[in-house]
Structures are given as structure tokens and as C-alpha cells.
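Report on the following structure.
When a residue number appears, it is its place in the shown sequence, counting from 1.
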Amino acid sequence: METQVNTLNVDRNQEGYLTDFSQWNKEVGEQIAKEEGIEMTPRHWEVINWIQEQVKADKALSIRGIKKSGVLDIKEFYAFFPGGPLKISTKIAGVPKPKSCI
């Protein structure tokens, strides 16, 4: 499925994840965040950047990994991305859905 973000068309799967990370930019992330009901702050972007770095380094993402990251604690993670923090944050980050997400 193709979605338009400003003047850019991006390809997304049925769940709303980008199918091509090269199409991601901050505007795309902002649009996805709005769709999820999240207003991004600089602190949110720190988390998104960390997630992207982990994926680029080929590291598996999990709630436990976030907890051990030192980037933020679990309560903060759930507060920032309510209703499925790992699922929502990775969608905003433009990376594939983690295997640990249902």
C-alpha cells in the first residue's frame, strides 16, 4: 500500500510499516506518529534514533533490550508510546516490525 507524506509517496505494508527504510525521513516519522496519536518531542526522537541504530547494527529489538539500553526506562517507554511501545516506536522509526511483537 502506498501512502503520501507531503509530496513523498512511501510504500507500507498492511500494518503500516515501511517496506523500504530508504523512504524514511523525519517527516515520514512525524506523519506515522500523528496517525498513532503521538506528538513527538526531542526525547521521542532520541528513542527513535536509538532504535534505528540498533536495527542498522543488526541487533534484535525487544522490551528487555530497551530496558537494558540506558536510553530510557520501561515506564517512560510505555508513556511515550502507549498501546504497544515497541510496535509503535519501530513503526515511527521506519524499521521492520520486531519478531517479538505480535
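- Nearest heavy-atom pair, Ile63 versus Pro85, reported as atom, atom and distance to 0.1 Å: CD1-CG, 4.1 Å.
- For the residue pair Lys91 and Glu15, the shortest heavy atom distance occurs at NZ-O, 2.9 Å.
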Stepwise side chain to side chain contact (heavy atoms under 4.5 Å, CB included) check, Phe77 with Lys67
CA-CA 9 Å; Phe77 191 44; Lys67 182 179 179 180; over 6 Å; no
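- The shortest non-hydrogen separation linking Ser89 to Ile48 is O-CD1, 3.3 Å.
- One finds the CD atom of Glu30 at 8.5 Å from the CD atom of Glu39 (value rounded to the nearest 0.5 Å).
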I would like to know whether Ile92 and Phe81 meet side chain to side chain contact (heavy atoms under 4.5 Å, CB included); could you show each step before the answer?
CA-CA 10 Å; Ile92 294 168; Phe81 306 100; 3.9 Å; yes
Derivation and outcome, side chain to side chain contact (heavy atoms under 4.5 Å, CB included), residues Ile38 and His44
CA-CA 9 Å; Ile38 296 172; His44 282 86; 3.8 Å; yes
From CA spacing to verdict: side chain to side chain contact (heavy atoms under 4.5 Å, CB included), Glu46, Trp50
CA-CA 6 Å; Glu46 284 180 44; Trp50 181 85; over 6 Å; no
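- Trp24 and Phe21 have parallel rings, their planes meeting at less than 30° on a 0 to 90° scale where 60° marks the start of perpendicular.
- Closest approach of Asp20 and Ser22 over heavy atoms only: OD1-OG, 2.7 Å.
- Distance check, rounded to the nearest 0.5 Å: CG of Asn49 to NZ of Lys56 gives 8.5 Å.
- Scanning both residues, Ala33 and Met40, for their nearest heavy atoms gives CB-CG, 3.6 Å.
- Panel note: side chain Thr90, backbone Lys97; no donor-acceptor pair is recorded below 3.5 Å.
- Annotation: side chain of Arg64 is in contact with side chain of Lys68 (closest heavy-atom distance under 4.5 Å).
- In terms of heavy-atom proximity, Val28 sits nearest to Gln23 at CG2-O, 3.7 Å.
- Salt bridge absent: Lys87 and Glu36 never bring a charged side-chain N and a carboxylate O closer than 4.0 Å.
- Applying the salt bridge (Lys or Arg N to Asp or Glu O under 4.0 Å) test to Glu76 and every residue at least two apart in sequence or in another chain returns Arg43.
- Put simply, the side chain of Val55 does not reach to within 4.5 Å of the side chain of Glu53, judged on heavy atoms.
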